[in-house]
Q: 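One structure follows; several queries about it will come next.
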Amino acid sequence: MGTRVRFAPSPTGDLHIGSVRTALYNFLFARHEKATFVLRIEDTDQKRNKEEALRGITDGLAWAGLTWDEGPVFQSDRLDLYAECARRLEASGRAYWRDDPGKGRALVFRIDRRKIGWDDLVHGPSARDISADPDLVIVKSDGFPTYNFACVVDDHDMNITHVLRGDEHFANTPKQISLYRALEWAPPVFGHMPLILDPDGEKLSKRKMEKYANIGLPVVVEECRRLGYLPEAVVNFVALLGWSPGHDIELMTLDEMIRAFTPERINTTPARFLVDKLLWMNGMYIRRCALDRLTELSRPYIESAYGPQPPEKIREAVRQQQERLKRLDELALSTRFVFASRVEYDPKAVEKWLEPDGARALLAEVRKGLAAMHTMDKEGIEALLGRIVQEHQTKLGHVAQPLRVAVTGGTVSPPIHDTLEILGRDTVLARIDHALEIAGSKK
RNA sequence: GCCCCCAUCGUCUAGAGGCCUAGGACACGGGCUUUUCAAGUCCGCAGCACGGGUUCGAAUCCCGUUGGGGGCACCA
């Protein structure tokens with residue numbers, strides 16, 4: 001049947017960044033080994049929601065570009081299978097019923113009272129003595145199997161050969177192996193990868209979501225998307241949190257990661273998730289993104305801020321910003337001078353670049369030149385500014401900055417000819433006039 | 001509390017006894033470039049937690065300490 005791995009999240013809503021990495025490593029392993037990647041939903045807790053949660057998972061995986069070969073398989077559809085295995089354990093004397101006054105009757109598994117060892121794919125030879133551990137509930141009083149039981153039954157039934165999961169399951173492993181032995185099944189190969197920690201060095205927690213949001217740390221896929229992270233950046237970044245390809249190249253496509261991936265190269269040390277490098281990586285991927293795609297991805301950020309806009313204008317604005325973006329959500333601010341009907345002048349910029357007499361005179365001259373131009377294109381603009389710089393024995397900055405402030409309200413914008421061109425001559429002239437007025441009135 | 005895992009720059013990491021006066025990346029500081037912001041490029045800052053061993057030789061192996069993390073559910 002060949003090598004088979006699985007990703008088995010519980011349906012708890014959004015896809016967590018840690019889950020993304022678990023899914024990614026399983027995916028990379030599967031593709032590297034030409035194995036089968038199965039998606040299984042661990043929905044044995046009836047209290048947890050189903051449909052929306054499933055969507056969060058499948059949408060998240062799709063967004064990240066992680067495709068699976070089989071499933072989703074739902075544990076809640078396989079109750080008969082667990083019941084049958086439970087009966088076997090009961091019949092062989094390895095499981096017994098236990099009454100709890102509050103919760104009811106549950107089936108409990110007698111674990112092996114000894115030391116259990118296994119060869120962990122990332123930790124190497126591992127062992128734990130479980131003889132002092134309590135017996136394991138395998139069927140809850142509501143008739144549903146517990147995680148440890150369903151997991152073992154399914155992994156065996158689905159012929160899973162390698163189980164790559166988070167370190168939080170390390171302590172479960174010997175108990176699960178005990179279950180395999182009792183059912184006379186061969187256990188799969190286990191590999192436990194280190195956890196992803198938050199900037200405080202703690203396990204990522206739902207309770208700290210607000211804090212994460214405040215520092216711009218996206219801990220669920222939906223948040224990554226909302227903030228304007230590209231999936232390839234998130235995937236690339238997360239891949240390197242606990243795994244290294246063994247060379248110095250960090251920017252890698254999914255295919256390159258597949259080629260380089262081996263579970264032996266997964267780290268044993270927990271990694272902190274700080275946003276800096278992700279932000280840098282995202283900027284790199286934005287720069288590499290094809291303009292058509294980037295435009296499509298960017299449009300919502302612009303239109304939600306300024307309403308519907310002409311496609312060509314959006315495309316050009318995005319083209320101009322592509323080099324200087326780190327997150328797509330920055331577009332609302334950085335393209336404001338293009339799409340907002342009114343310019344807001346930054347007082348500091350006005351004071352520095354518009355108020356000095358020399359600046360106003362130069363600006364007035366630029367205005368005259370632009371008004372006289374037949375077509376306001378790059379060559380024309382550069383020629384005009386060059387001529388003024390020449391005549392006044394000054395620097396380009398002293399001409400371009402007042403102009404920039406006049407038409408955008410601030411000191412930061414794309415190259416000046418781009419800035420003027422996207423606005424069009426009428427808007428440019430009107431804004432220069434307005435700026436001249438403001439600067440004059442301050443005197 | 002008990003059990004387990006882990007320990008290289010602020011962060012992500014390379015390093016599987018001599019190639020290490022510890023390499024790369026992000027961040028940070030500075031130079032260059034320049035029409036602003038970015039980008040690019042060059043330089044710099046910064047680390048083997050501590051203490052014992054083993055060895056001719058240890059970031060690498062062993063033990064201990066300390067520190068951090070995880071687990072101890074009829075949650076997964």
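First the proteins, then the strands, lettered A, B, ... as listed; each starts at 1.
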Q: What nucleotide, of C6(B), A76(B), U35(B), holds the atom closest to the side chain of H169(A)?
A: A76(B)
Q: Within this structure, what is the CH2-to-P distance between W353(A) and U35(B), rounded to whole angstrom?
A: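 After rounding, the reported distance stands at 12 Å.
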Q: Kindly point out which of U36(B), U11(B), A14(B) is positioned nearest to the side chain of Q401(A)?
A: U36(B)
Q: Do F190(A) and H169(A) have their ring centres less than 6.0 Å from each other?
A: no
Q: Using OP1 and OP2 only, check whether a side-chain N or O of H247(A) sits under 4.0 Å from A14(B).
A: no
Q: Counting the atoms with a prime plus P, OP1 and OP2 as sugar-phosphate, which does R287(A) contact under 4.0 Å by heavy atoms, base, sugar-phosphate, or nothing?
A: sugar-phosphate
Q: What does T411(A) touch in the nucleic acid at a heavy-atom separation under 4.0 angstrom: a base, only the sugar-phosphate, or nothing?
A: base
Q: Using a 4.0 Å heavy-atom cut-off, does A271(A) contact any base of the nucleic acid, only the sugar-phosphate backbone, or nothing at all?
A: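 Sugar-phosphate only.
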Q: Looking only at side-chain atoms of E42(A), point me to the closest of G24(B), C37(B), A76(B).
A: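 The listed nucleotide nearest to E42(A)'s side chain is A76(B).
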Q: When the C1' atoms of G52(B) and U13(B) are considered, how many whole Å apart are they?
A: 29 Å
Q: Contact class for L195(A) (heavy atom, under 4.0 Å): base, sugar-phosphate, or nothing?
A: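 It contacts sugar-phosphate atoms only.
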Q: Do R324(A) side-chain and C37(B) base share a donor-acceptor contact under 3.5 Å?
A: yes
Q: Answer with base, sugar-phosphate or nothing: what part of the nucleic acid does M193(A) contact at a heavy-atom distance below 4.0 Å?
A: nothing
Q: Choosing from C12(B), A39(B), A76(B), which nucleotide comes nearest the side chain of D45(A)?
A: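 It is A76(B).
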Q: Pick base, sugar-phosphate or nothing for P414(A), based on heavy-atom distances below 4.0 Å to the nucleic acid.
A: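 Base: the residue P414(A), judged by heavy atoms under 4.0 Å, touches a nucleobase.
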Q: So which atom in D120(A) and which in S126(A) form the shortest heavy-atom distance, rounded to 0.1 Å?
A: CB-OG, 3.5 Å
Q: Quick one: label S141(A) by what it contacts on the DNA or RNA (base, sugar-phosphate, nothing), any heavy atom closer than 4.0 Å.
A: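 The residue S141(A) makes base contact.
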Q: Any chance you could measure L331(A), atom CG, to I314(A), atom CD1, to the nearest 0.5 Å?
A: 10.0 Å
Q: Check whether any side-chain heavy atom of V234(A) sits under 4.5 Å from a side-chain heavy atom of P218(A), and report yes or no.
A: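 Result no, sub-4.5 Å side-chain heavy-atom pair not found.
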Q: What is the base-pairing partner of G1(B), counting Watson-Crick and G-U wobble geometry with both distances under 3.5 Å?
A: C72(B)
Q: Please give the distance between the C1' atoms of A46(B) and U21(B) as a whole number of Å.
A: 16 Å
Q: Taking the side chain of V412(A) as heavy atoms from C-beta outward, which of G69(B), C37(B), A38(B) is closest to it?
A: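 Out of G69(B), C37(B), A38(B), the nucleotide with an atom closest to V412(A)'s side chain is C37(B).
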Q: Below 30° counts as parallel, above 60° as perpendicular, anything between as tilted: where do the rings of W118(A) and F170(A) land?
A: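 Rings of W118(A) and F170(A): tilted, as their planes differ by 30° to 60°.
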Q: Please report the distance, rounded to the nearest Å, between CG in N236(A) and C1' in C26(B).
A: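 N236(A) atom CG is separated from C26(B) atom C1' by 13 Å.
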Q: Look at all strands and tell whether D100(A) reaches a base, only sugar-phosphate, or nothing, counting heavy atoms closer than 4.0 Å.
A: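 Base, at least one base heavy atom under 4.0 Å.
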Q: So, OP1 or OP2 of A76(B): does either fall under 4.0 Å of a side-chain N or O from T44(A)?
A: yes
Q: If pairing requires Watson-Crick or G-U wobble contacts with both distances under 3.5 Å, which nucleotide is the partner of A49(B)?
A: U65(B)
Q: Return no unless some side-chain N or O of K140(A) is found under 4.0 Å from OP1 or OP2 of A76(B).
A: yes
Q: Which value, in whole Å, describes the distance between the P atoms of nucleotides G68(B) and G57(B)?
A: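 My reading of the P atoms in G68(B) and G57(B) gives 34 Å.
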Q: Do the side chains of I215(A) and P199(A) get nearer than 4.5 Å, heavy atoms only?
A: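 They are in side-chain contact.
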Q: Taking the side chain of N267(A) as heavy atoms from C-beta outward, which of U36(B), U13(B), A39(B) is closest to it?
A: U13(B)
Q: Could you tell me how far U54(B) sits from C61(B) if I compare only their C1' atoms? Round to whole Å.
A: 8 Å
Q: Could you tell me how far G23(B) sits from U60(B) if I compare only their C1' atoms? Round to whole Å.
A: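 Pairwise C1' distance, U60(B) against G23(B), rounds to 15 Å.
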Q: Given the C1' atoms of G53(B) and C4(B), what is the spacing between them in whole Å?
A: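 After rounding to an integer number of Å, I get 26 Å for this pair.
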Q: Between A39(B) and C6(B), how far apart are the C1' atoms? Round to whole Å, please.
A: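 C6(B) and A39(B) have their C1' atoms separated by 39 Å.
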Q: Can you tell me how far P of U11(B) sits from CZ of F273(A), to the nearest Å?
A: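 In whole Å, U11(B) P and F273(A) CZ are 16 Å from each other.
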Q: Assess whether atom NE2 of H32(A) is packed by more than 12 heavy atoms of other residues, nucleotides or ligands within 6.0 Å.
A: yes
Q: What does Q322(A) touch in the nucleic acid at a heavy-atom separation under 4.0 angstrom: a base, only the sugar-phosphate, or nothing?
A: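 Contact class for Q322(A): none.
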Q: With a 6.0 Å cut-off (strictly less than), is the heavy-atom count around CZ of R336(A), excluding the residue itself, greater than 12?
A: no
Q: For residues V137(A) and R98(A), determine if any side-chain heavy atom of one lies less than 4.5 Å from a side-chain heavy atom of the other.
A: yes
Q: Looking across every strand, which nucleic acid part, if any, lies under 4.0 Å from G104(A) by heavy atom: base, sugar-phosphate, or nothing?
A: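 Counting heavy atoms under 4.0 Å across all strands, the contact made by G104(A) includes a base.
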Q: Please report, rounded to the nearest Å, how far the C1' atom of C75(B) is from the CZ atom of R207(A).
A: 12 Å
Q: Taking only the P atom of each, what is the distance from C9(B) to C3(B) in whole angstrom?
A: 29 Å
Q: Closer to the 5' end of RNA chain B via nearest nucleotide, is it Y147(A) or D129(A)?
A: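 Closer to the 5' end of RNA chain B: D129(A).
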Q: Of all the choices, C4(B), U35(B), U36(B), which nucleotide is nearest to the side chain of F170(A) once you look at every atom?
A: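 Nearest to the side chain of F170(A) among the choices is C4(B).
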Q: Quick one: K277(A) NZ to U13(B) C1', roughly how many Å, whole number?
A: 7 Å
Q: Taking CZ from R165(A) and P from G71(B), how many angstroms apart are they, rounded to a whole number?
A: 13 Å
Q: Applying a 4.0 Å non-hydrogen cut-off, can you work out what T268(A) is touching in the nucleic acid: base, sugar-phosphate, or nothing?
A: sugar-phosphate
Q: On RNA chain B, does the nearest nucleotide to G246(A) precede the nearest nucleotide to R404(A) from the 5' side, or the other way round? Give the residue.
A: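 It is G246(A), whose closest nucleotide lies nearer the 5' terminus.
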Q: Name the nucleic acid region contacted by R40(A), choosing base, sugar-phosphate or nothing; use a 4.0 angstrom heavy-atom cut-off, strictly under.
A: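 Here R40(A) touches no strand at all.
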Q: What nucleotide, of A27(B), U36(B), G71(B), holds the atom closest to the side chain of A171(A)?
A: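 Nearest listed nucleotide: G71(B).
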Q: What's E250(A) touching, base or sugar-phosphate or nothing? Going by heavy atoms closer than 4.0 Å.
A: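 Base contact - E250(A) has a heavy atom under 4.0 Å of at least one base atom.
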Q: Indicate, with a heavy-atom threshold strictly under 4.0 Å, whether L240(A) touches base, sugar-phosphate, or nothing.
A: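 Result for L240(A) = sugar-phosphate.
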Q: How close or far is atom P of C6(B) from atom NZ of K203(A), stated in whole angstroms?
A: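 The answer, rounded to whole Å, is 17 Å.
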Q: Could you identify the nucleotide paired to G10(B), looking across every strand shown and requiring Watson-Crick or G-U wobble geometry with both distances under 3.5 Å?
A: C26(B)
Q: Do the rings of F29(A) and F261(A) sit parallel, tilted or perpendicular, given the 30° and 60° boundaries?
A: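 Perpendicular.
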Q: Checking contacts here: which listed nucleotide (A76(B), C6(B), U35(B)) is nearest the side-chain heavy atoms of N148(A)?
A: A76(B)
Q: Can you identify which nucleotide, out of C26(B), U11(B), A38(B), has its nearest atom closest to the L274(A) side chain?
A: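 Of the options given, the side chain of L274(A) lies nearest U11(B).
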Q: A7(B) P sits how many Å from R272(A) CZ, rounded?
A: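 These atoms are roughly 15 Å apart.
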